[in-house]
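These notes concern the structure reproduced below.
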Amino acid sequence: MTSDFSYARIIGTGSYLPERRVSNQALAEQLAARGIDTSDEWIVERTGIHYRHFVDEGTSSSDLALQASRRAIEAAGLSPQDIDLIIVATSTPDMVFPSTACILQHKLGITNGCPAFDVQAVCSGFVYALTMANAMIGTGTAKRALVVGAEVFSHLLNFDDRTTCVLFGDGAGAVVLEASEEPGILASALHADGSHVGILCVPGNISGGQVQGLPLLTMDGQAVFKLAVGVLEKAARAVLDKAGLKDSDIDWLVPHQANIRIMQSTARKLKLPMEKVIVTVQDHGNTSAASIPLALDHGVRSGQIQTGQTVLLEGVGGGFTWGAVLLRM
Ligand code: ACO
């Protein structure tokens, strides 16, 4: 397949949060029953999080991805059969294999045989996936890509560890990226440093029908925080340089929604007022690969992000991985 257009543009966004919304207070009460002490005040002050959404038993990443994808495809004015590439960023796949993207393809009823695969870059997964979809459209491999971030991080949480279990939630976000004469995606920068595997990981794996090692999230929060604020600024500067733009050209920053303090720090370094930052962390906590497309969809549907504006997406997460995508809506 070849394409007449070498650029790619977002033509639809969608997102989905599971119905069960858990406040800090409700979570603190559940944890108190286990002898774990936390409070609404601590969580709000250190993270900005007020609520997270958790799936009910039996709901998987592909179920959340399905809802977000339907909304993005509808917003794009397309039907599922128009999609010719599916990339799902997730660290909580439905199965070891096949990919969540293949499961999503089937749930969407797509029978055109389009390629479908997952990307694993934890909270940077969406910027990785978007960059790959952009490259595949640029080489003519696809014309209309569905790019999804979907997570059920509640499955990985250790509810005996107050330093991590209050931070994360479940959700999904999606975009449809279409081949275009004009650049939508202006520049991207992706990075990884595997020497930091241990500061944020789920060390368990499956072998011989048994789970080997701890299949729960562990994190050195302060180490992650310090690394995150440094690399996010560098990634932002890299994409601005590549696109020949400056800080003041950014209309909206849509950062990974992990912690309000990391977002404030990045905005400060880029000399952006917080009014130009899409912040949704208060409503859903850290949803890993889902958080950027969730926030982007919120910005679009609330009427804040307008066609033609310049938007900087950036993510950071386990690996250690980080990256940024600069785009024109
Ligand atoms: N409730 C109450 N007290 C708590 C809690 C809690 N839930 N968690 C920790 N504390 C206590 C600690 O035990 C410590 O007590 P002490 O002083 O008596 O020892 C105190 O609070 C301060 O702990 P710190 O770890 O210093 O708190 P900090 O201000 O660094 O905030 C946090 C912790 C929120 C985790 C912060 O470090 C952070 O946001 N880090 C980045 C995390 C992140 O972004 N991760 C996602 C990356 S994306 C991905 O790939 C999944």
Side-chain angles (χ1 to χ4, degrees), residues 22-32 34-52 61 89-92 119-129 149-171 190-194 196-203 216-232 235 255-266 279-282 284-295 313-324:
V22 180
S23 68
N24 290 342
Q25 185 57 36
L27 184 60
E29 284 165 18
Q30 285 168 32
L31 295 180
R34 305 168 78 102
I36 307 290
D37 180 31
T38 190
S39 66
D40 177 49
E41 293 71 28
W42 191 95
I43 300 169
V44 171
E45 189 193 318
R46 303 290 175 126
T47 71
I49 297 167
H50 290 254
Y51 299 96
R52 74 284 298 134
S61 287
T90 185
S91 298
T92 49
V119 163
Q120 219 295 28
V122 203
C123 303
S124 310
F126 186 76
V127 289
Y128 268 66
E151 303 279 16
V152 284
F153 250 57
S154 56
H155 289 178
L156 301 177
L157 296 181
N158 179 354
F159 286 97
D160 289 321
D161 176 7
R162 68 177 181 172
T163 68
T164 55
C165 72
V166 301
L167 304 176
F168 296 90
D170 304 332
L190 302 179
H191 295 280
D193 180 351
H196 297 295
V197 165
I199 64 170
L200 177 50
C201 60
V202 177
L216 296 172
L217 184 146
T218 66
M219 178 171 74
D220 177 345
Q222 289 194 5
V224 170
F225 196 106
K226 277 183 204 146
L227 269 173
V229 292
V231 297
L232 285 173
H256 171 44
Q257 307 286 315
N259 184 313
I260 188 68
R261 292 186 292 148
I262 297 178
M263 291 185 251
Q264 287 164 340
S265 158
T266 308
V279 178
T280 55
V281 69
Q282 66 280 2
H284 52 65
N286 183 345
T287 55
S288 189
S291 94
I292 294 172
L294 263 165
L313 313 181
E314 55 173 22
V316 61
F320 206 66
T321 56
W322 66 98

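Residues: numbered from 1 along the sequence shown. First listed ligand is number 1; within each ligand, the first listed atom is number 1. Owing to the predicted nature of the structure, the values given are computational and were not obtained by experimental measurement.
- Annotation for ligand 1: atoms under 4.0 Å from non-hydrogen atoms of Thr47 are 34 (C).
- At the shortest separation from atom 35 (C) of ligand 1 among protein heavy atoms lies Leu167 CD1, 3.9 Å.
- Using a 4.0 angstrom heavy-atom cutoff, Val316 counts as in contact with ligand 1.
- Below 4.0 Å from some heavy atom of Asn259 lie the following atoms of ligand 1, by number and element: 34 (C), 38 (C), 39 (O).
- Considering backbone and side-chain N/O of Asn286, none are found under 3.5 Å from N/O of ligand 1.
- Note that atom 18 (O) of ligand 1 has no protein non-hydrogen atoms nearby, at separations under 4.0 angstrom.
- Between Leu31 and Phe159 there is a side-chain heavy-atom pair separated by less than 4.5 Å.
- Summarising the contacts of atom 20 (C) of ligand 1 with Trp322, Phe168, Trp42, Phe320, the nearest heavy atom is found in Trp42.
- Ranked by closest heavy atom to atom 51 (C) of ligand 1, the top entry among Ser91, Ala223, Cys123, Ala228 is Cys123.
- Taken to the nearest 0.5 Å, the CD1 atom of Ile43 stands 11.5 Å off from the CD atom of Glu45.
- In terms of protein heavy-atom proximity, atom 42 (C) of ligand 1 is nearest to Met219 CE, 3.6 Å.
- To the nearest 0.5 Å, the span separating CG on Leu157 from CG on Leu217 amounts to 6.5 Å.
- Contact annotation for atom 22 (C) of ligand 1: protein present (non-hydrogen atoms, distance under 4.0 Å).
- Taking atom 26 (O) of ligand 1 as the reference point, the nearest protein heavy-atom neighbour is Gln222 NE2, 2.4 Å.
- Looking only at distances, a side-chain donor or acceptor of Glu151 sits under 3.5 Å from a matching main-chain atom of Ala289.
- Atoms CG and SG, on Asp220 and Cys201 in that order, are 10.5 Å from each other to the nearest 0.5 Å.
- Among all protein heavy atoms, the one lying closest to atom 11 (C) of ligand 1 is Arg162 NH2, 3.6 Å.
- Between Arg261 and Thr47, the closest side-chain pair of non-hydrogen atoms is not below 4.5 Å.
- Screening Val202, Val122, Asn286, Thr287 against Phe153 for a side-chain contact (heavy atoms from CB on, under 4.5 Å) leaves a single residue, Val122.
- Minimum heavy-atom separation, Leu232 to Glu314: O-OE1, 3.0 Å.
- Close approach to Val166 involves these atoms of ligand 1, each under 4.0 Å from a residue heavy atom: 7 (N).
- The ligand atoms of ligand 1 that sit less than 4.0 angstrom from a heavy atom of Leu200 are 47 (C), 48 (S), 49 (C), 50 (O), 51 (C).
- Near Arg46, the atoms of ligand 1 lying under 4.0 angstrom from a non-hydrogen atom of the residue are 22 (C), 27 (O), 28 (P), 29 (O).
- The atoms of ligand 1 that sit less than 4.0 Å from any heavy atom of Gly317 are 48 (S), 49 (C), 50 (O).
- At least one protein heavy atom sits closer than 4.0 Å to atom 45 (N) of ligand 1.
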Q.
Could you walk me through whether Val224 and Met219 satisfy the side chain to side chain contact (heavy atoms under 4.5 Å, CB included) test, starting with their C-alpha distance in whole Å, then the side-chain angles of each, then the deciding distance to 0.1 Å, before giving a yes or no?
A. CA-CA 8 Å; Val224 170; Met219 178 171 74; 3.8 Å; yes

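- Ligand 1 has at least one atom lying under 4.0 Å from a heavy atom of Gly318.
- The distance from ligand 1 to the heavy atoms of Ile262 drops below 4.0 Å at these ligand atoms: 44 (O).
- Of all heavy-atom pairs spanning Ser124 and Gly317, the tightest one is OG-N, 3.4 Å.
- Taking a distance limit of 4.0 Å, we find that atom 13 (O) of ligand 1 is approached by some protein heavy atom.
- A side-chain contact (heavy atoms from CB on, under 4.5 Å) with Leu156 holds for exactly one of Thr92, Leu216, Thr164; it is Thr92.
- With respect to atom 31 (O) of ligand 1, the closest heavy atom belonging to the protein is Arg261 NH2, 3.5 Å.
- If you number the atoms of ligand 1 from 1 as listed, the ones under 4.0 Å from a heavy atom of Ala258 come out as 44 (O).
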Q: Report the C-alpha separation of Asn259 and Val281 in whole Å, then their side-chain angles, then the decisive distance to 0.1 Å, and conclude whether the side chain to side chain contact (heavy atoms under 4.5 Å, CB included) test is met.
A: CA-CA 7 Å; Asn259 184 313; Val281 69; over 6 Å; no

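- In this structure, atom 43 (C) of ligand 1 lies nearest to the protein heavy atom Val224 CG1, 3.7 Å.
- Ring pair His191/Trp322 is parallel by interplanar angle, where below 30° counts as parallel and above 60° as perpendicular.
- Distances between N or O atoms of Ser288 and those of ligand 1 include no value under 3.5 Å.
- Using a 4.5 Å cut-off on side-chain heavy atoms (C-beta onward), Arg52 and Asp170 make no contact.
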**Q.** side chain to side chain contact (heavy atoms under 4.5 Å, CB included) between Ile49 and Ile260, intermediate numbers included
**A.** CA-CA 8 Å; Ile49 297 167; Ile260 188 68; over 6 Å; no

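- Nearest protein neighbour of atom 6 (C) of ligand 1, counting heavy atoms only, is Thr38 OG1, 3.3 Å.
- For atom 37 (O) of ligand 1, the nearest non-hydrogen atom from the set Gly221, Ala28, Gly48 comes from Gly221.
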